[in-house]
Each structure stands twice: as C-alpha cells, then as structure tokens.
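Please read all numbers here as calculations on a predicted model, not as lab measurements.
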Amino acid sequence: MFYRMRALHVKRLLLLTVGVSALLGATVLARADDPPIAIFMEPETGLLAAIPGAEDAAVIINSTTIGLGEAHVEATQSLVGNVVTVEGGESAIDFTGGGNDLSGVLSINQEAGNMNQQANIRSIVVVDAGGGPAVLHLDINTSQELTGNSLVLHDTGPRSVSITDSFNNGTGIVGINQSAGNLNQQLSVVAIGLGFNAGSTVIQLGDAQLGQIGTDADNSHSEDGVQGPRTNTLSNSFNDFHGIAQISQTTGDMNRVTQSIGISVTTPGAP
C-alpha cells in the first residue's frame, strides 16, 4: 500500500523553495514507532509528504502567506493472491465510552479478522491570500484492488463490531474503521482547503477519482458447516457532535469501502 499527501504553495508567482527545516511551521504528526514520513521540496510540486505502508499520518502547514494551495491525496490499497482459511472461533470489536468531548482530529483502525487493510487520511491546507487572488484545489485519487484471493470459512462463530456511548459532545474530524471479517479494504479520506484574506478573485477547484478493481468472479469464497451470526451496531454515540465523522463497520468478507470528503472554504476576512 502507498499513501501520499501533497500541499502545493505559491506566493504570488514565486514558487516556495525553502528547505524543509525552515518550512514556515510545517508539522508532521505520527506515532513514534511509525516508519519515517519522507518530506520533499520540489520546485514543480511544492511540499510532498510520502507515507509508506498502512500508517496513518497528517501534514499540517501553518503561518504561511500565499495565494494558492492544493490539498492532494493519493491512496492505493491492494490485496492480491492471498489464501485465508478460518476454522471455528469468534471475533468482536468494541469501542465503548471513548472520544467524548473530543476536540481535534482522531483516527482509529480496529480489526479482529485476517488480511484487512484500513486507513484514515487527512490532508489540510491553509492559505492567506493577503487581499489578492485566492486559488484552492482539492485533488483526491483512491484505488482499491481485490483480486485472486481465496477464503474458506469452516464452522465459524459469531462476529460483531460496535460503537457505544462514544464521541458525544465532540468537535472535529473522526474516522473509524472496524472489521471483524476477512480480506476487507476500508479507506477514509478528508481533504480540506481554507483560504483567508481573499480578494475579489476566488477560484475553488475539486477533482476526485475513486477506483475499485475486482468482482466476485475474481475471488474465491466458500463456506463449510454452520457460520455464526454477524452484527454491526452504533448506539448512543455522536450526540451533539459537530464536524466530520466517517464510520466504516464490516463483519463480512471481501468488502471494499471508500469514504471521500472534500471541503473548500474561502473568506475575505482573517481567521
């Protein structure tokens, strides 16, 4: 898997080419045990952050004075040629009493099955047009491939995923992927562009390409014996929540779920 986020910044007609160490308050957020996020400065593309593997991360650009910004997300998930056999047992994922009074960004991946791919990706760009023209461009490209896989279920027990008493009275961006099944792909993307101090000329552009490869005929799925019940529940949660919430729950197998949101806002005033 490969996930990439890009923020392109131009100050009037001059490309931003300062070094990474002096990048106007650029901040990379990730867990300490994650593989490193590669940061590149290129005259043609601006700031490029490449995230290898299935790790979640965010790149935040702040304290800039620019007239053009791009929030770009490119994400690919691939499950090809895997063989999974499940005999007996049960699987359950529960999220209870968490995230209440949240303020900020939170991403959660939970899985109790086999060979699942999950990711939450957020790309946010903030520009200050300084009273001049403001241009914001959101670009989201996602692809999920599920081909050549074989899954055999033999007398499996119950499966369940649930969210209970959580994320009430919160504000921000929340992404949750839960899976108690096998060979599932779950991808949640948010791209946001915010422009302040915009002049009379404002251009907002958006482009999204969502691709899924593979049909039931491209994979083998068989069940032997009696399979247990499967349940998804969301109860007493997200009451009085303000913001963006992306929830993906699956107890089945070989599902592909993509949630993609792009938001672009400009204002003539200061933040």
Side-chain angles (χ1 to χ4, degrees), residues 1-9 26-31 34 37 39 46-62 64 68-77 95 98-99 102-110 117-127 135-144 163 166-167 170-179 184-196 204-212 234 237-238 241-250 256-267 271:
M1 291 180 293
F2 178 77
Y3 307 109
R4 186 175 71 180
M5 299 181 294
R6 183 177 71 200
L8 173 65
H9 304 284
T27 304
V28 178
L29 305 179
R31 297 191 304 271
D34 285 347
I37 299 174
I39 304 292
L47 170 67
L48 177 66
I51 309 168
E55 307 302 332
D56 295 336
V59 176
I60 301 173
I61 309 300
N62 52 45
T64 61
L68 178 135
E70 178 183 4
H72 176 91
V73 174
E74 184 171 343
T76 300
Q77 291 181 321
F95 191 93
L102 166 76
S103 179
V105 180
L106 180 64
S107 300
I108 298 172
N109 294 319
Q110 296 180 307
Q117 293 179 327
Q118 302 170 312
N120 292 285
I121 302 176
R122 284 78 180 91
S123 181
I124 303 172
V125 60
V126 180
V127 303
V135 179
L136 289 175
H137 184 202
L138 306 184
D139 189 16
I140 301 173
N141 299 309
T142 66
S143 175
Q144 293 174 312
I163 301 174
S166 299
F167 302 105
T171 302
I173 302 175
V174 173
I176 303 179
N177 295 312
Q178 293 181 315
S179 177
N184 293 296
Q185 294 174 322
Q186 296 169 298
L187 178 61
S188 298
V189 177
V190 175
I192 299 176
L194 302 175
F196 300 105
Q204 296 175 319
L205 303 173
D207 184 36
Q209 299 183 33
L210 311 178
Q212 292 183 327
L234 176 64
S237 299
F238 292 96
F241 178 87
H242 298 84
I244 300 172
Q246 295 175 305
I247 311 300
S248 173
Q249 295 178 307
T250 174
R256 291 169 300 183
V257 182
T258 297
Q259 301 182 81
S260 178
I261 297 176
I263 300 174
S264 181
V265 179
T266 58
T267 174

Handout entry: For Thr258, all residues meeting side-chain hydrogen bond (donor to acceptor under 3.5 Å, both in side chains), sequence neighbours excluded
Key = Gln144
Practice task
Take Asp139 and Val73 through the test side-chain contact (heavy atoms from CB on, under 4.5 Å) and record every step on the way to the result.
Solution key: CA-CA 6 Å; Asp139 189 16; Val73 174; over 6 Å; no
Problem - Partners meeting side-chain contact (heavy atoms from CB on, under 4.5 Å) with Phe95 (sequence neighbours left out) - result: Ile108, Gln110, Ile163, Ser166, Phe167, Gln178
Practice task
Examine the side chains of Gln77 and Gln117 and answer whether a donor and an acceptor come within less than 3.5 Å of each other.
Solution key: no
Practice task
Look at the side chain of Gln246 and the backbone N and O of Val174, then say whether any donor-acceptor pair between them is shorter than 3.5 Å.
Solution key: no
Problem - Nearest atoms (heavy-atom pairs only) where Leu138 meets Gly262 - result: CD1-C, 3.8 Å
Exercise for the section: Enter the distance from Arg256:CZ to Thr142:OG1 here, rounded to the nearest 0.5 Å. Expected result: 11.5 Å
Exercise for the section: Please name the pair of heavy atoms, one in His72 and one in Asn141, separated by the smallest distance, quoted to 0.1 Å. Expected result: CE1-ND2, 3.7 Å
Problem - Reported OG-to-CD distance for the pair Ser107 and Gln118, which is rounded to 0.5 angstrom - result: 11.5 Å
Exercise for the section: Check step by step if side-chain contact (heavy atoms from CB on, under 4.5 Å) holds for Phe241 and Thr171. Expected result: CA-CA 6 Å; Phe241 178 87; Thr171 302; over 6 Å; no
Exercise for the section: Report yes if the side chains of Asn120 and Asn109 come closer than 4.5 Å at any heavy-atom pair, otherwise no. Expected result: yes
Practice task
Please identify each residue that fulfils side-chain contact (heavy atoms from CB on, under 4.5 Å) with Thr250, with sequence neighbours left out.
Solution key: Ser179, Asn184, Gln186, Asn255
Practice task
Quick one: closest heavy-atom pair of Ser188 and Arg122, and the distance?
Solution key: O-NH1, 3.4 Å
Problem - Nearest heavy atoms of Ile140 and Ile261, plus distance in Å - result: CD1-O, 3.8 Å
Handout entry: Exercise: identify the closest heavy-atom pair between Phe238 and Ala245
Key = CE2-CB, 3.6 Å
Practice task
Quick one: closest heavy-atom pair of Gly69 and Val125, and the distance?
Solution key: CA-CG2, 4.1 Å
Handout entry: Option passing side chain to side chain contact (heavy atoms under 4.5 Å, CB included) with Leu187 (candidates Leu210, Ile121, Asn177)
Key = Ile121
Handout entry: Point-to-point distance, once rounded to the nearest 0.5 Å, from OG of Ser264 to CG of Leu194
Key = 8.0 Å
